[in-house]
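Scroll down for the structure; my scribbles are underneath it.
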Amino acid sequence: MTRLQGMRHSRFWSNRNCRYGTIIVGLILLMAIIGPLFAPYDPTQQNLEQILQPPSLKHICGTDFYGRDLLSRLLHGSRISLGVSLSATFLTMLIGIVLGLLAGYFRGWLDKFLMRIVDILLGFPRLFIILLIVGISRSTLLMTIVVLAGFSWMEIARLVRAETRSILTTNYLMAAQALGLNHFRLIIAYILPNLRGMLLTSTNLLIASMLTIESSLSFLGLGVNEPNASWGTLLSQGRLDPTGAWWVALFAGIAIIITVVGFNLLGDGLNQIQSESRT
Amino acid sequence: MIKRLISRLIEFIVVLFIGVTIIFIIIHLAPGDPSLQFCSPTAPLEQRELLMHRFGLDQPLWKQYTIWLKNAVIQFDFGISFFSGKQVGKMVRQALSPTLLLTGLALLFGILAGVFLGIQAAIRQNKFFDRFVTTIMFAFYSMPSFWLGLILLQIFAVQLNWLPSSQLVSVFHEQFSCGARLWDYCRHLILPVSTLGLIFAASFYRYSRNAMLTALSSEYILAAQARGTPRNHLIYRYALGNSLLPLISLVGTSLPVLFSGALMIEVVFGLPGLGRLMTDAVLTRDYPVIVAAALLSFFAAIIGNLMADIIYLIVDPRLRHS
Amino acid sequence: MVSIKSNLNLEPEMNHLSANPILQVENLTLGYRRSAWFGTSSRQQLIIRDISFAIQPNETVALVGQSGVGKTSIANSILRFLKPWHGNIYFLGQNIWQIPASRFRLIRPRLQPIFQDSATALNPMMTIDQAIMDGMKHLKLSHAEAQQRLNELLQMVELEPALCNHYPRQLSGGQRQRVVIARALATEPSLLILDEPLSALDLVTAVQIIDLLRSMRQRLNLSCLLITHDLMLAQQLADRIIVLKDGVVIDSGPTQQILTNPSHHFTRQLIHAAGILNRKT
């Protein structure tokens, strides 16, 4: 057991994408957890004498339109941005895995029905339909998460279904069926563990895309509302001022990119490890 | 093949119908009374009822649904905008051409640049060129498109003032000569097209580099290499030929992007396209416009999917002969 | 070995059937319907036509034929994975394709397959003790009883207990095949279906596994259906041989008779080929 874990561990760590991805994601998560404690100012504290200050020693990332310290807002915003994208991802994976397993394992009419739904929902351009829903109802944080997940689970369900179907044809699953194990045991002990690599990869890639979509929504003013601010909200405030307060959008954007890069690296690296171990 | 085409078409119509119904349901599930958009909640009831009547909101639900099917799907008539009072169908149609212009050019740029660089990088795997381009492209791939737009806007329009920052045409566009008008369009489109193009290029780059690497390491290439086939022949005939097929399907699947991919870019650059229309309508709660734009993008997406399928059917010899 | 009382309530029925065959296959006809896209057209392909045979208690029967003749399809059909077009399969007196799935699940553990490739026969994400324990799930043993039985099984298939918490890919092919056998035996089976059990093993390991299978069969009074292309292996293990060609039975009888006095020229070819190979090794 220990030997195996050691082997896996080193294979994970010797993959460059995985290594850098883990470091970046780790630092970002650390920032979201303890960062706000070290924020130099209250993120909602307006200071009208200090509006739109460029970066300086006093305000490392400058100040915004209302004189609020951008570094503090950035640190606090990380909790919201990551919180929304992580919970949306969690919900997406949950729906996708359950429905994908049901469709792939039980097949028949359930499979046909679920896959039809997937086809139809995939037909909708995601951003437009999310805008439609957010636009005609009052947008709250929970609403954003639910809508994001509600229109993102289809890809996961498809992947899980395809993988489940291929596991169903393996000898080890046929042998397990011959042991007379029940459906629950087969799914929990024989199918799910073998989906692990694929699920880890897609979770990371999904978090990255959720972060992008969330920031797009907030940028449009339809995601997180004032006085709370996700990174996307901060970005949109950068747009308010075209006269040259470049720092307002710059730092929030960099924060988003670094995070997305981190999760993408991790997802890519896990994918590489997986395809290496297949061959 | 004909059979497959026909069954695909039937599927298309079913998906269309269900999708339209889903949009109708979403609209009617939405909380809130749209008539409150026009008058204060304290306005007299008769006034609100008049409004409801004018927009057909006092009819029973099934009747609203049939009217919706007839008007929306067949005549593409969505009534008039709550906000501007213009014909919604006309507004949406007008918004379509800037969007298509923008995304069409960007997609073209993205495919050409992405595939070309992808092949070059794959040939030079792990050399400086490959690492450099891969890193840059990975950054573009991870970047929200609108942020890249904001940065380019800040640099080239605000700081350097080389290019206009918004709209598709200048204020005095109508008075320009023919050549100057064309130049005017170009100047306005350079920034949005290159922003979107770079983002698209990053996806195509990743894909074509991977496909090319897989092809180059496959056994038939090694066998050809062992036979002493010239390197260029090896790369462009054998490897490229075999990695092209999935690439075509990728281009196919990105066709829906033509209509919906530019939403954020249109907002950043203030282009009067479909995405901008949609976001403006959402912010002002202009229901008919929201619905029309969402529906149009849905139509476009499933037509894009259908086209992708048909292209793939024509291109893939394995499917053609089955 | 501690004998464990089965809670399947099949004992009286089995005693009643003691004179009857463990497995009886009647007029089995198998095929695939290969449907094209959207089911617009489908091609039918017949694999096995009208085969009947029976396996008595403590008997080993070999199905011999070339690769691709559909031997594995017969096994899949007996294991209720592949629905036959025609014919009946009786296992312990039950018509397995007629009884409901819930009822079949009760007798299913008594019918165990051992597949040809041990590398794919075990869940890569499960340690071998978990894998073997899964074979005892239906016996509803207490933890201590299960542990004891696990140790006995490991001893029986000559595996070190230290290998317990290893994953399949950490084992050699021979060790994995022993795990597969141990898992099959854990269920207290009445019939083992051995589908080319040695084809993925090297010669030395193969001989060891043959010995193991032989001693198991004697100790546990097992019936076996051996599926192989290798007449020599059939000679080693089987009491009776059935030769298949092009989906039909062309020759069958006691092993000695088939080998010394084959009635079909194809059987003679097989014996000849096996003889050549045998001389070489």
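Below, each value reflects all heavy atoms present in this structure, side chains not excepted, and no hydrogens, waters or symmetry copies. Chain A is the first sequence line, chain B the second, and so forth, proteins listed ahead of strands; every chain is numbered from 1.
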With a 4.5 angstrom heavy-atom cut-off, is it the side chain or the backbone of B/Leu283 that approaches chain A, or both, or neither? side chain
Whatever's closer than 4.5 Å to a heavy atom in chain B on A/Leu131 counts as both
Portion of B/Phe146 that has a non-hydrogen atom of chain A nearer than 4.5 angstrom: side chain
If you count heavy-atom pairs under 4.5 Å with chain B, which of A/Leu121, A/Ile129, A/Leu265 comes out on top? A/Leu265
Please flag which part of A/Leu250 lies under 4.5 Å from any non-hydrogen atom of chain B: side chain, backbone, both or neither. both
With a 4.5 angstrom heavy-atom cut-off, is it the side chain or the backbone of A/Leu217 that approaches chain B, or both, or neither? neither
Main chain of B/Glu266, side chain of B/Arg276: is a donor-acceptor contact present, judged purely on distance under 3.5 Å? no
Interchain contact, B/Ile155 with chain A, by part (heavy-atom threshold 4.5 Å): neither
What residue among B/Ile151, B/Leu102, B/Leu148, B/Leu150 forms side chain to side chain contact (heavy atoms under 4.5 Å, CB included) with B/Thr195? B/Leu148
Tell me whether B/Phe12 at atom CZ has more than 12 heavy atoms from other residues, nucleotides or ligands lying less than 6.0 Å away. yes
Step by step, work out the side chain to side chain contact (heavy atoms under 4.5 Å, CB included) result for A/Phe219 and B/Val268. CA-CA 10 Å; A/Phe219 180 76; B/Val268 169; 3.8 Å; yes
Donor-acceptor pair, side chain of A/Thr92 and main chain of A/Trp153, under 3.5 angstrom: no
Heavy-atom contact with chain B under 4.5 Å, split by part of A/Leu211: neither
B/Phe138 six-ring centre to B/Arg206 NZ/CZ under 6.0 Å and within 45° of normal: no
